[in-house]
Amino acid sequence: MSEQIDNAIRWATDLIRNCSESARLDAELLLAHCLDKPRSYLYTWPRQNLSESCWHDYRAIVQKRLEPTPVAYLLGSREFYSMQYTTTVDALIPRPETELLVELTLAGIDPDSKSRVIDLGTGTGIIAITLKALRPGIEILATDIDAACLDLAQKNATQHEVTIEFIRSNWYQGLAREKFDTIVSNPPYIAANHPFLEQGDLPAEPRLALTPGQTGLESLQQIIAQAPNYLNNTGKIILEHGYDQQAAVADLLEAHGFGEIQCHFDFNDLPRVTTAKLIEKPNPRA
Ligand SMILES: C[S@@+](CC[C@H](N)C(=O)[O-])C[C@H]1O[C@@H](n2cnc3c(N)ncnc32)[C@H](O)[C@@H]1O
């Protein structure tokens with residue numbers, strides 16, 4: 001027997017509540033996907049009967065959600081900064097918190113700037129692609145250690161018709177000794193034994209994208225320590241980090257020659273992004 005749209009959503013919401021804090025939204029997104037309609041359709045036609053095949057598909061995809069498979073992997077896409085990105089199990093699912101990092105980076109780049117930017121650990125490519133789409137004059141290079149992430153990021157770049165140079169690299173290792181005006185990164189930063197890694201959808205996401213090691217600070221340490229070698233004088237660094245890593249990140253930046261260190265808060269009022277500027281070295285011949 002088939003079901004009405006509103007009943008089907010209620011049924012799925014009750015089940016999904018066991019594995020998600022956004023059960024109703026998940027249920028709606030999955031049904032809209034099965035119907036191949038926008039979410040608004042569900043509110044316009046709540047009493048419409050689902051076809052047998054749609055009801056069958058919906059039950060199957062809700063079962064997958066309960067495994068739990070994240071909605072972004074089931075739909076194969078996720079919105080970020082009002083742009084749609086293809087998502088696969090190879091890469092971290094874009095997070096709304098990362099929009100803060102993009103916003104702060106955009107604020108520091110003039111609309112007609114031709115500056116050189118590097119995105120370290122690009123994953124789906126969201127940071128590099130959004131920056132290039134909104135500041136087309138910049139030259140941007142994006143790296144990841146994972147080849148599957150780079151394939152996905154290239155696919156997303158092609159989809160959004162932007163040109164980005166992608167390089168497989170362990171942080172800076174695969175780069176020539178070149179200089180950038182801005183370094184941006186949302187590196188892995190969760191400590192390897194943190195219980196958070198076992199919660200919600202996180203077990204379904206790549207560990208490489210989530211945790212860099214025992215302390216959670218390993219990637220941030222490497223990125224910051226080598227950043228001065230890859231930045232022009234007064235170049236900027238913009239880093240996403242854990243809400244409890246603000247002080248450690250600031251200390252690392254200070255120890256490696258950065259000033260104007262500022263921490264920024266996300267929409268939950270948590271310290272999540274730090275920006276800093278390389279302090280200009282005095283010219284020894286002056
Ligand atoms: C937290 S995810 C961020 C992905 C994407 N930038 C975003 O904001 O959604 C971290 C990314 O860093 C990559 N990564 C992990 N270790 C790396 C390393 N040693 N060198 C380069 N990239 C690395 C992972 O593959 C992953 O794509």
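Numbering of ligands and ligand atoms starts at 1, following listing order.
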Just to verify, which of Ile140, Leu106, Val117 counts as forming a side-chain contact (heavy atoms from CB on, under 4.5 Å) with Arg135? Leu106
Is the NZ or CZ atom of Arg272 positioned over Phe265's six-membered ring, under 6.0 angstrom from the centre and within 45° of the axis? no
Hey, does Leu92 come in under 3.5 Å of ligand 1, counting only N/O atoms on both sides? no
for atom 3 (C) of ligand 1, nearest protein heavy atom and its distance come out as Asn186 O, 3.1 Å
Atoms of ligand 1, numbered as shown, that sit under 4.0 Å from any heavy atom of Pro187: 1 (C)
Please confirm whether Tyr58 and His33 have ring centers closer than 6.0 angstrom. no
Picking from Gln154, Lys155, Glu161, what satisfies side-chain contact (heavy atoms from CB on, under 4.5 Å) with Thr158? Gln154
Exercise: do Thr215 and Glu218 side chains pair donor with acceptor under 3.5 Å: yes
Tell me whether Asp146 has any N or O atom under 3.5 angstrom from an N or O of ligand 1. no
Hey, does Asp144 come in under 3.5 Å of ligand 1, counting only N/O atoms on both sides? yes
Closest by any non-hydrogen atom to atom 6 (N) of ligand 1: pick that one out of Ala209, Ala148, Gly121. Gly121
Report the nearest protein non-hydrogen atom to atom 17 (C) of ligand 1: residue, atom name, distance rounded to 0.1 Å. Trp171 CZ2, 3.4 Å
